[in-house]
Amino acid sequence: MPAFGPPLASLFLSGVHDFASGEEPTHNEAQGLKSVPSLPVEYHVHRKCSNVAHVMLDICSTYRTTKTTKSGVNVMRILTVTVLLGLSTAAPSLADTADGASLVGQDWEAIVEMARGGEVNWFMWGGADNINIYVQDFVGTILMNEYGITLNQIPLADTVEAVNIVLGEKEAGNLDAGSVDMIWINGENFRTMKQGGLAWCGYTDRLPNNALVNWDNPVIANDFGVPVDSCEVPWNRAQFALAHDSATLPEPPRSIPELIEWIKANPGQFTYPAPPDFNGSVFIRHVFYYAAGGVDNLLGDFDQAKFDAAAEKTWAILNEIEPSLWREGATYPTSINQLNELFANTEVAFTFNYDPSQFGIAVDAGIYPDTVRSFGLVDGTIGNTNYTIIPFNSPNKAAALVLQNLLLSAEAQLEKARPEVWGTSPGIEMDRTDAAAQEAFAALPSHPSVISAAELGKAALPELQAGWISAIEQGWLANVGN
Amino acid sequence: MNGPSRLSRSMLVLSGALLIIWLILPLVPMLIWSFAHGWRFPDLLPQQWSLQAWDYALSDRSGTLESLGVTILIAALATLLSILVGVPAGRALGLYKFRGKGLIELMILAPVIVPGIAVALGLHSVFIQLGLTNTLAGVVLVHLVPTLPYMTLVMAGIFANYDPAHESQARSLGANAVQTFWHVTLPAIMPGIIVGGLFAFLVSWSQYILTLLIGGGRVITLPLLLFSFASAGRNDITGAIGIIYILPGILILLFTARHLSGSNGAVGGFGRI
């Protein structure tokens, strides 16, 4: 009798295993494009294509724009085309707007006309149903009704998967017919895309609603210390906050030194995710800022001498509290979701998040009790901005521009600021919008579990440049998490 | 009936019950989660029951039902193609000895041995050059990479225990090639096709990275939806989509269970080439 083991196990595990390996982009640096000499076999493909049925025209046209180096591959192509006749679901592209350079030369009305009737494929983290609903119901409906553009939202477990698709396409020589039109992005993934030449840049001033963006604000103009340089458009702002259950802990510690004392006095009730988890990493940076005596000294390029001084104190603090952590610090959660689960099950007394609206979402979903409250630190917490980016090889750049402009509008920013919709902070300056929008924004009710952005913003700290962040993460792994 | 056989029968019932509990028990929390609104330690049952997760999972905007159809179509096509390729390949490996057979067996096993992510990015590049990315056809084709080893190995095991002399007998009695295949070969290898097909279907059913890369987000299968919620800690929606996700597998197991009894001699040779 055959064992059921492999398929059953794979039913439950293999997919999880696939993504649990947490793929980082394996080639961070863009590799030079492979040379693609055009071979006589191209002609062969043409002729074959002209013979196949009408439904295959798409595939053939794709083939004509794709070049390969091996004639053996062409034989395979033809075979596959014949075998798979009719299986293709590729949609004919209506108006190809892959040529970004000529697009930025157009006026906005012309861009909107080119986008009309097309589609835009937006890859974004898809783990929150309320965000998915906002994007599909609110944004998608306006996009369809006013511009006739179909919005395809592609949910991701991890944003790096979309970056890998674009990277793979560039390496394979797909320069104008990519599958990704827009990504919700920031930080490390943005750096990969900008440095690898995967981003389309130099267009943001074409968007009418760009006037609502305050590019003079360094928190907007720099994405984790990397200058944006017109390669992406802000969508939301976020600032780190901690959450506690007011029913069991009415008065939480409100500074890093107080928190350290609290942890020692209450062993087993605190932990933080190990880097490279995004939220665990930012928690460690708060300790690092405290150990360095403030962030002012750390801004700018990475400085080994300054780093060494602050890092030594940071590791000493973190090693000192380690025996008082959850499970005596023998293990750390590997993701913020594990910490959230520990917090939901009251195993630990705090969780934290770079996006405080997540606390409200979790309360509304019944994951946390209603008594959960969130707070910032008296010395300030770190803030950042998240963006939308258009890959260099997107064939629907006009539609992506229309979508970006819509996302920046006062109407769309106001809607997502509603606590029952999402409750996130605007990426634009609300005081640059019209009076009605400002009034509505000021009148928004706040979620009791989410500390208001205004309250949190009274003490805000900047992010460090990527060089600092990776040095802190690696230092933690070597000195604390070993 | 004498004593020992009654004992062995009750042992059979007991082990059957244990097996069912072992298979079903892990699914119970998932079912409860899908109706839970708040289920925290140390409560045995959720604080509140809710249909919110199912409401979202079954709504148009979640895309669950649409991707259920897409997932079924892809898995069915991948299974069909696996059978078409795996049966002749299994016959060659099971019945004949030839130079380089060991090497070919190793290459057929390779996709199972090598981690998927290691080949996924390379395959992506090849599929872009073939113009097969972002299409259902491309996803079906790439699913053959992990499904074919199972199909071929099962069929090789079947053919290792298969006597081709039956075919010669049928031919000598006047049957043509098609009749021989239909009335002699096919019934003999049918259990293998069902087992191998089941393997292929479930392996295709659970693909994530290959589907995402080759499908380019245009082909959205259930694992894509499921993992974006599972990784975000949304146990309620994960539970609802998860139940929709495992149902086809369970249904197929139920329908094919009688072929998996092990009483058929042909299946006994599984794993031996």
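Only heavy atoms go into these numbers, but all of them, side chains included; no hydrogens, no water, no symmetry mates.
- Interface remark: Ala128(A) contributes backbone atoms only to the contact with chain B (heavy atom separation under 4.5 Å).
- Looking at Asp370(A), there are no atoms closer than 4.5 Å to chain B (heavy atoms on both sides), in backbone or side chain.
- Note on Ile336(A), Asn152(A), Thr346(A), Leu156(A): by heavy-atom pairs under 4.5 Å with chain B, the leading option is Leu156(A).
- Options Gln338(A), Glu169(A), Gln153(A) differ in how many heavy-atom pairs under 4.5 Å they form with chain B, and the most are formed by Glu169(A).
- Rounded to the nearest 0.5 Å, atoms CD1 (Ile165(A)) and CG (Leu212(B)) are 4.5 Å apart.
- Heavy atoms closer than 4.5 Å to chain A are found in both the backbone and the side chain of His37(B).
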Distance-only donor-acceptor hits, side chain of residues 138-145 of chain B, under 3.5 Å, sequence neighbours excluded:
unit_1	atom_1	unit_2	atom_2	d
His143(B)	ND1	Ser204(B)	OG	2.9
His143(B)	NE2	Thr211(B)	OG1	2.9

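- Note: Arg218(B) CZ to Glu119(A) CD = 5.5 Å, rounded to the nearest 0.5 Å.
- Atom CD of Glu66(B) has 12 or fewer neighbouring heavy atoms from other residues, nucleotides or ligands inside a 6.0 Å radius.
- Residues that satisfy the side chain to side chain donor-acceptor pair (under 3.5 Å) test with Glu347(A), not counting sequence neighbours, are Trp326(A).
- Proximity to chain B is limited to the side chain of Glu341(A), based on heavy atoms less than 4.5 angstrom apart.
- There is no contact between Asp43(B) and chain A, counting heavy-atom distances below 4.5 Å.
- Here the side chains of Thr133(B) and Ser179(A) are not in contact, with every heavy-atom distance at 4.5 Å or above.
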### Message
Using side chain to side chain contact (heavy atoms under 4.5 Å, CB included), reason through Asn132(A) and Arg61(B) one step at a time and then give a plain yes or no.
### Response
CA-CA 8 Å; Asn132(A) 294 347; Arg61(B) 56 198 176 204; over 6 Å; no

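- Between the side chain of Arg40(B) and the backbone N or O of Gly366(A), at least one donor-acceptor pair lies under 3.5 Å.
- Of the inter-residue distances, the one linking Asp236(B) atom CG with Asp129(A) atom CG reads 7.5 Å to the nearest 0.5 angstrom.
- Residues Arg234(B) and Ile367(A) are in side-chain contact: their nearest non-hydrogen atoms beyond the backbone lie under 4.5 Å apart.
- Proximity to chain B (any heavy atom under 4.5 Å) is shown, for Asn345(A), by both the backbone and the side chain.
- Considering CG of Asn164(A) and NE2 of His124(B), their distance stands at 9.5 Å, rounded to 0.5 Å.
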